[in-house]
Amino acid sequence: MPEAEQAQQSIELLRTSQSESLEKIRHTASHIMAMAVQKLFPKTQVTIGPCTETGFYYDFDSPDPFTDKDLKQIRKEMIKIINRKLPVIREEVSREEAKSRIEAQNEPYKLEILDSIKEPISIYHLGEQWWDLCAGPHVESTADLNPKAIALESVAGAYWRGDETKAQLQRIYGTAFETPEELEEHKRRKEEALKRDHRKLGKELGLFIFSDAVGSGLPLWTPKGTILRSQLEDYLKGEQTKRGYLPVVTPHLAKVDLFKISGHYPYYKEDMFPLMADEEDAAADRGFVLKPMNCPFHIQIYQSELRSYKELPIRLAEFGTVYRYEQSGELGGLTRVRGFTVDDSHLFVTPEQLDDEFLKVVELILAVFKSLQLKKFKARLSFRDPESDKYIGSDEAWEKAQGAIRRAVEKMEMNHFEGIGEAAFYGPKLDFIFEDALGREWQLGTVQVDYNLPERFGLEYVAEDGSRQRPIMIHRAPFGSLERLIGILIEEYAGDFPLWLAPAQIRLLPVRPDHYEYVEAVAAKMRAAGIRAEADTNGDRLGKMVRNAEKQKIPVMSVVGDREVADNTLSIRTRASGELGAMAVEEVIDKLTEAIVEHSNF
């Protein structure tokens, strides 16, 4: 391995949440940036400026748009501030004193922020020239920042409080590290991320498109992309069938009353598509909505007849499409869309079955990750925040559910951490956080324990003693959503899909037109055997055909000339292993079939 590549791999880029010193550096850097902006552009008002996991940003209300030239000027001013070695001083003030100072500065956004924060109220000063409301933490002096380890990266639009009916602001993104070497590695990874961007590769590989005529956040899947989706669906359906799951299909919309019972309507109303109703029903909050979740539908199927304990566990599974009215500024390729398909399943279990069924679900998710070659992940125990009022259900139900999740990860000795406040409103979750080839984290599979929805819908089963008892629900989705998963896989594989997933698995490249009949016959034979084979008979020169196959990342290709036709063979070249030489057609079909079934390379 080249020394430069070894050095890159040895540089670990910590996230803000993993390093207290990094959090202080980035928080202070955001304040320094805001100070620089207000010095250079005095009419600019500041709003919020938090850290992100990879850097920081600040939202500004400025009469003029910021340009790339402005970013360079702002960074130069930041370096001047850093070099002045200004002390960073924390001051606690009363609400009245903070209000008085903000009004003197004519900063209306700060007044609104002040109304929303709890005491003690703290202010951080950069020397005597600039200050902002802030809880911290910060470094002790601007001199603690290395100016060569700071970069301003981009400008984007943002709405105040994330509300598109409020003022439109300008958000400047930046990042900061402890050393210049870390910043350079960060830049390298960003460049690599651009090359792997699933929006770019998805277009190049012909997997999906977006159409203004259809609407933002609604992907259209091409034949190749549909094959990819179908392979993922078929694989998981097969695994579910082995484990006793029962397929169901439910509609895309329902009466809003269904989601009022479940609790989704009050919690998701702002993210749901508008109510479909005439004026009279709309006034009474009646009508139909596109579904934001599948679980209430599966509950109705369970509840359609009285169940016996002998029937449980009941495992209902569906690839169900759900809809969220995401704001246009939050949409992002396949990873944030308005309509997405969830590999949803809901298990109805007795208390005695809960732990065992939960473990089986986790084992299924781990098997999925293995088949997808996703190796770097950890489990987050997404529990409720006891200080928050956004959750439904009793403390006892929550403790039971969280206990079941904790027992499972401890029994399986999984790498895990707790995420307080990350639970769904109706129950805790075990979320799987995957780290991709560029060190970015994504949430994929999830499994939840739910005592609350069975209570809200009055679910029952007849116990062995004849009494009516309440089942427990397990919600699970190994993929999370097909759209998000495919977006992540495109970037993880850089578009170079494993053989079993690739839309086209082998392409035959004839040297001359008189070889067309042979390659078409071989391709047909392969397709009959279940192999996704293509014969390139477009009449291009061989060099162009090879380049096209490489560009489209076809796992296996074969150049077919006189010798191959005469000997009934194929000269095999793979992306995984290079040139493999001539093989009999039947041998190629057997090896391809075996590799596809085993999810391995040819």
Side-chain angles (χ1 to χ4, degrees), residues 192-211 219-232 234-235 333-334 372-373 436-437 482-483 485-513 515-516 518-520 522-527 529-561 564 570-580 588-589 591-593 595-596 599-602:
E192 181 64 23
L194 290 175
K195 297 176 186 176
R196 292 173 178 253
D197 190 320
H198 72 275
R199 293 164 294 189
K200 171 179 173 289
L201 288 175
K203 184 176 181 179
E204 291 176 359
L205 298 175
L207 301 176
F208 60 88
I209 64 168
F210 289 94
S211 166
L220 302 174
W221 294 90
T222 64
K224 288 182 179 179
T226 302
I227 289 171
L228 177 58
R229 280 179 63 110
S230 298
Q231 290 305 305
L232 289 166
D234 292 346
Y235 160 66
L334 295 179
L372 295 175
Q373 302 175 17
D436 70 11
L482 273 172
E483 287 74 11
L485 174 67
I486 291 172
I488 291 169
L489 291 180
I490 290 171
E491 298 192 5
E492 173 68 4
Y493 302 145
D496 201 352
F497 292 104
L499 177 66
W500 71 277
L501 269 183
Q505 294 167 323
I506 182 170
R507 181 174 292 175
L508 308 181
L509 312 178
V511 175
R512 295 193 312 271
H515 303 136
Y516 286 1
Y518 178 77
V519 296
E520 287 174 342
V522 172
K525 193 172 186 179
M526 288 180 168
R527 288 193 290 270
I531 298 165
R532 295 188 291 280
E534 298 178 349
D536 189 339
T537 56
N538 290 325
D540 292 326
R541 291 181 179 274
L542 180 61
K544 185 175 181 180
M545 286 192 286
V546 171
R547 287 193 298 274
N548 286 341
E550 289 176 342
K551 186 177 180 180
Q552 294 169 34
K553 304 181 188 295
I554 309 296
V556 183
M557 71 175 80
S558 173
V559 174
V560 176
E564 286 76 23
L570 293 172
S571 295
I572 297 298
R573 174 183 175 186
T574 72
R575 292 183 63 82
S577 305
E579 299 286 351
L580 299 181
V588 173
I589 290 175
K591 285 182 176 293
L592 277 170
T593 302
I596 291 166
H599 292 185
S600 61
N601 292 323
F602 181 86

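Formation of a donor-acceptor pair under 3.5 Å by the Q505 side chain with backbone atoms of L499 is found in this model. At distances below 3.5 Å, at least one donor-acceptor pair connects side-chain atoms of R532 with backbone N or O atoms of A502. Under the 3.5 Å distance criterion, the side-chain polar atoms of S558 are matched with a main-chain donor or acceptor of S571. At distances below 3.5 Å, not a single donor-acceptor pair connects side-chain atoms of H198 with backbone N or O atoms of G333.
Applying the 6.0 Å contact sphere to NZ of K591 captures no more than 12 heavy atoms from other residues, nucleotides or ligands.
Side-chain atoms of L220 and S211, non-hydrogen and from C-beta on, do get closer than 4.5 Å to each other. Side-chain contact check for H515 versus E564: every heavy-atom pair is 4.5 Å or farther apart. When side chains are defined from C-beta on, E550 counts as touching R573, because their heavy atoms get closer than 4.5 Å. Between L501 and Q373 there is no side-chain heavy-atom pair separated by less than 4.5 Å. Using a 4.5 Å cut-off on side-chain heavy atoms (C-beta onward), L570 and V560 make contact. A 4.5 Å side-chain heavy-atom check between P510 and M545 finds at least one atom pair inside the cut-off. Between I596 and F602 the shortest side-chain heavy-atom distance does not fall below 4.5 Å.
Distance CG/D197 to CZ/R199: 4.0 Å, rounded to 0.5 Å. Note that CE of M557 and CZ of R575 are 7.0 Å apart. Values are rounded to the nearest 0.5 Å. Atom CG of L207 is separated from atom OG1 of T222 by 5.5 Å, given to the nearest 0.5 angstrom. In this structure, CG in N548 is found 8.5 Å from CG in N538, a value given to the nearest 0.5 Å. Once rounded to the nearest 0.5 Å, the distance linking CD of E491 with CG of L194 reads 9.5 Å. Here the CZ atom belonging to F208 is positioned 10.5 Å from the CD atom belonging to E483, to the nearest 0.5 angstrom.
Looking at every heavy atom in both residues, V511 comes nearest to G561 through CG2-CA, 3.9 Å. Minimum interatomic distance between L201 and R196 (heavy atoms only, all atoms of both residues): CD1-O, 3.5 Å. Scanning all heavy atoms of the two residues, the minimum distance from P555 to F497 falls at CG-O, 4.3 Å. Between V519 and L508 the shortest heavy-atom distance is O-CD1, 3.4 Å. Of all heavy-atom pairs between R229 and L482, the closest is NH2-CD1, 3.7 Å. When all heavy atoms are compared, the tightest approach of K224 to L205 is CD-O, 3.5 Å.
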Please evaluate residues V588 and V522 with respect to the criterion side chain to side chain contact (heavy atoms under 4.5 Å, CB included), reporting the C-alpha separation (whole Å), side-chain torsions for both, the decisive distance (0.1 Å), and the verdict. CA-CA 11 Å; V588 173; V522 172; over 6 Å; no
